[in-house]
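Everything on this sheet refers to the single structure shown next.
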Amino acid sequence: MQRPERLAVVLTQIAAQFPELGDDPVMAKSLTDNVTSMIAEAHERYAAGPDGSVVGSTALDPEHLATGTLHAEQAQHPAGAMLAAEMLFDVYLPVFVDEVGAASTAEVLRATRALHAGIWSRFPAGAVAYTEALRQRLTTAHLDSRTQIARDLHDRVAHGILAGLQRLDLVLLTDPPSEDRAEQLDGAARLLRTALGDVQDLAVSLHARVGDALLDDALARHAKDLFPDDERLTLHSTGTPEHLPNWQAEEALTILLEALTNRRKHAAGSRGEVRFDWSPTVLVVTVSDDGPGFDQDSTPDGRLGQHTMRERAVVIGARIDVESAPGTGTTVRLTIPRGTL
């Protein structure tokens, strides 16, 4: 039977050794709750008898996941909890042996294994939750940065280009230049209008979010915003769509929007298709067109923004494959493993 007074002594020692756990009321309560639960689990494992397994089946128990999330929210590195666990095992082992009444060598060994399992079964889930919480925090920061950049592009850069266009138009209307000069000004205006369109598209893309939607639905929604008059673009989905982890889905959306933007730039007017093929182990998204294509052997990787797309794919554990040749169109294939991240 667990003895609260003896456990309290151990908790006091741990709190003194690791003030970052003991001084924070939230972390102190978490420490007490977790240590109490660990010891209780160790007793259950020992009580199961010599034939009982000390290997748990709750490696990703929700309660253990919550502890890892709490540590991440409080900026507490898992190493601190691991050191505290080592101290707990070292200090409490003789107490635990006494509590269960282990006398023989076999019983002491069983008690040792039960206490060890009761303590360390928590850490796989804690580490997973801590990593996921940090990943989500990083994703949020990344999306916030994208939003700020998109706002600056729209409010500053796009407005600056538009102001330049208006001045050119005003000059052409109020002070007609020579024929050669007019042609030069028209050329400059065309360049500015192209740049304005590119900046506006980039701002929209940076604002793009998957949020709570499925990836295919999010892409369809944003494609309508970016290409409202494109009647030759179709989207299809096969299999059973499911939500990807948010950090993965947001990067995938950015990659696919880049592929669609490239199609408009380099294969304007072509038929385009986006196909989502969902399976339990992988999601394959294919963006294809019947445009002019290009020679992959003689064209730099940056021709289709492939370098950036490949970098984003690596971040989410995915792969980008590009297939093209002059006169045969272009196919961009994004392959995202599922259930392994």
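These figures come from a predicted structure and were not determined experimentally.
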List in chain and number order the residues that pass salt bridge (Lys or Arg N to Asp or Glu O under 4.0 Å) with [X], two or more places apart in sequence or in another chain; answer none if no residue qualifies.
X    : answer
E323 : R333
R221 : none
D290 : R271

Holding to side chain to side chain contact (heavy atoms under 4.5 Å, CB included), I want the full list of residues that pass it with [X], two or more places apart in sequence or in another chain.
X    : value
S104 : A106, E107
E44  : none
L109 : R113
H116 : F89, W120

Report yes if some heavy atom in the side chain of [X] is under 4.5 Å from a heavy atom in the side chain of [Y]; otherwise report no.
X    : Y    : value
V274 : V285 : yes
T36  : M38  : no
F276 : P241 : no
D90  : E86  : no
N262 : V332 : no
V322 : I320 : yes

Has the side chain of [X] got a donor or acceptor atom that lies under 3.5 Å from a matching backbone atom of [Y]?
X    : Y    : value
T331 : S288 : no
R45  : L115 : no
T328 : S324 : no
D98  : P94  : no
E251 : A313 : no

Apply side-chain hydrogen bond (donor to acceptor under 3.5 Å, both in side chains) to T238 and list each qualifying residue two or more places apart in sequence or on a separate chain.
-> D277
Looking at every non-hydrogen atom in both residues, tell me the closest pair between [X] and [Y] and how far apart they are.
X    : Y    : answer
A259 : M309 : CB-CE, 3.9 Å
A249 : V210 : O-CG2, 3.5 Å
A102 : A111 : CB-CB, 4.3 Å
G293 : T330 : CA-OG1, 3.7 Å
W278 : T240 : CB-O, 3.6 Å
S270 : D289 : OG-CB, 3.5 Å

Can you tell me how far [atom2] of [Y] sits from [atom1] of [X], rounded to the nearest 0.5 angstrom?
X    : Y    : atom1 : atom2 : value
L244 : E250 : CG    : CD    : 10.5 Å
H222 : L256 : NE2   : CG    : 11.5 Å
R110 : T105 : CZ    : OG1   : 13.0 Å
L334 : E258 : CG    : CD    : 13.0 Å
I255 : R310 : CD1   : CZ    : 11.0 Å

Please go through V284's hydrophobic cluster and name the other residues, only I, L, V, M, F, W, Y counting, with side-chain heavy atoms under 4.5 Å joining them.
-> V282
Output all residues satisfying ring-ring contact (aromatic ring centres under 6.0 Å, His included) with Y46, sequence neighbours left out; order by chain, then residue number.
-> none
Candidate pair L215 and Q248, rule side-chain contact (heavy atoms from CB on, under 4.5 Å), full reasoning | CA-CA 10 Å; L215 179 58; Q248 196 178 43; over 6 Å; no
Salt bridge (charged side-chain N to carboxylate O under 4.0 Å, His left out): which pairs involve residues 228-249, sequence neighbours left out?
-> D230-R263, E242-R338
Do any pairs count as a salt bridge (charged side-chain N to carboxylate O under 4.0 Å, His left out) and have a residue in residues 210-219, sequence neighbours left out, and if so which ones?
-> none
Would you say L226 and V287 are hydrophobically clustered, going by side-chain heavy atoms of ILVMFWY under 4.5 Å?
-> yes
Same hydrophobic cluster for I336 and L214, using side-chain heavy-atom links shorter than 4.5 Å among ILVMFWY?
-> no
